[in-house]
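Chain A is the first sequence line, chain B the second, and so forth, proteins listed ahead of strands; every chain is numbered from 1. Only this structure's heavy atoms are used, side chains among them; waters, hydrogens and symmetry mates stay out.
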Protein chains: 2
Amino acid sequence: MTKREQILEVAEELIAENGFEATSVRSLASKAGINVAMISYYFGSKEKLFEALVEYRAGFLREKFQTLNKEVEDPLLRMEQMIDAYVDRIFSHHRFHRILHRQMMSTKSTVSNENILNILLKNAGEVKKMIQDGEQKKVFRKVDIEFTIAMLIGTISQIAVSCLLTSRIVGVNPNTESIHDEQYKVRAKIFLTNLMRTHLTGK
Amino acid sequence: MTKREQILEVAEELIAENGFEATSVRSLASKAGINVAMISYYFGSKEKLFEALVEYRAGFLREKFQTLNKEVEDPLLRMEQMIDAYVDRIFSHHRFHRILHRQMMSTKSTVSNENILNILLKNAGEVKKMIQDGEQKKVFRKVDIEFTIAMLIGTISQIAVSCLLTSRIVGVNPNTESIHDEQYKVRAKIFLTNLMRTHLTGK
DNA sequence: CAATACTAAACAAACGTTTAATTTAAACAA
DNA sequence: TTGTTTAAATTAAACGTTTGTTTAGTATTG
């Protein structure tokens, strides 16, 4: 791992925890064990460090979804595998996705936010294709596709990102971080799969 | 409206737009047309202003949900009215709920966050009662109640709060703010009602 | 020896908060 | 109604920190 990546990993951790604005370059440098000036040296500015972080982590899901759209024909099976991959990815990179979704709650359209928006829109586009194809194949009934995608994103975010609330609702042990609990993840997958099957097929 | 409330309204607007950390007391005072010192004078500190804001807006939904639980017997009808009230409230106070849900994405447990958490947990408790009662009356089938609530919260947040993304997915005119579009709200209600009915009854 | 990596120190700007002085508003007595 | 008193409301200015960034100089490395 290069020093640059090392800084990005620490940045992800701190920004996920405290938010972008509340994360100072000094705390970042301190945690990464480097000099403050290195952030400007490597990235130019704090803002550009953030953009670099987005570049660093993005694109994984879209590639996976595109593969699924090409290689799995059965709409229901494909949907299950999509949920499986989606939940896996978000749980394994929950910090980054917390940053993404927190940023999407902003109303300001900065350069970084436009980047994030494009990444998520492409992912959404692949999911849309899945549902449309299933509808065309008469496996899925007609649903509000756009709101279905919003529901999917919103639910996963709520479960994996907004865990301060959800872990309390679900009542998991607050000592063990729910996001690292394998059982919690499996339960999320089962819930989402059942929900989407019922919603899309009516059965 | 008192001066105090006037400050709270402006605070809500700015914090919803830029986040708590990124909202300076000076920009707040400027927009409210008051002196910076008035914030300390009325609230003591920036942090306490935030707590005052939470107090100022909280509690509305819980009272509504409690009334529904007492007065409406049919589980399905009650669920529909709950969704109706929930969506109405969040759309009419979308700025405040953006603040709430952004804060719930944090991992830090400050005094303010504990306040927010308690408010939302009480709301969730009322929804839980609704689902449990419907289950007992054999109108609803057995579902993962906790995750169902998380799905409900997550979906509404996604639709109403994270509108930078969702309005693009849904494809509404970005000129007209979707949150103020009556049709968008109606569509959200229809979607959620259908989704929950199918999910809870299997029909 | 030249280029890259790194550091400590300083920079101006912005932050939340406090101070001390001033204006405003209400209450009271003549 | 008038002038006086008193407390609340409001102000401009300054406080000490902390912010992101830059500079100028020092190690390190190929």
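- B/K48 has its NZ atom 14 Å from the C1' atom of C/dG16, to the nearest Å.
- Computed from coordinates, the B/R26 CZ to D/dT17 C1' distance equals 12 Å when rounded to whole Å.
- The distance from atom CD of A/E47 to atom P of D/dG20 is 12 Å, rounded to the nearest whole Å.
- Nucleic acid contact for B/F43: none, since no nucleic acid atom lies under 4.0 Å from a heavy atom of the residue.
- A ring-ring contact (aromatic ring centres under 6.0 Å, His included) check over residues 7-43 of chain A, counting only residues at least two apart or in different chains, returns the pairs A/F20-A/F50.
- Atom CG in B/N35 sits about 12 Å away from atom C1' in C/dT22, given to the nearest Å.
- Regarding contacts with the backbone of D/dT19, every side-chain N or O of A/K46 stays at 4.0 angstrom or more from both OP1 and OP2.
- B/S27 and B/S30 are not linked by any side-chain donor-acceptor pair at a separation below 3.5 angstrom, with hydrogens and angles left out of the test.
- Taking a pair to require two hydrogen-bonding distances under 3.5 Å in either a Watson-Crick or a G-U wobble arrangement, C/dA30 pairs with D/dT1.
- The residue B/T23 sits close only to the backbone: its heavy atoms come under 4.0 Å of sugar-phosphate atoms, none of a base.
- B/K48 NZ: 12 or fewer foreign heavy atoms inside a 6.0 Å radius.
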Requested in this report: Dump the intermediate steps for side chain to side chain contact (heavy atoms under 4.5 Å, CB included) on A/V127 and A/I131, then the final yes or no.
Outcome: CA-CA 6 Å; A/V127 177; A/I131 299 176; 4.2 Å; yes

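- Across all strands, A/S24 comes closer than 4.0 Å only to sugar-phosphate atoms, never to a base (heavy-atom distances).
- The distance from atom CE of A/M38 to atom P of C/dA8 is 12 Å, rounded to the nearest whole Å.
- Phosphate contact (OP1/OP2 of C/dA5, side-chain N/O of A/Y41, threshold under 4.0 Å): present.
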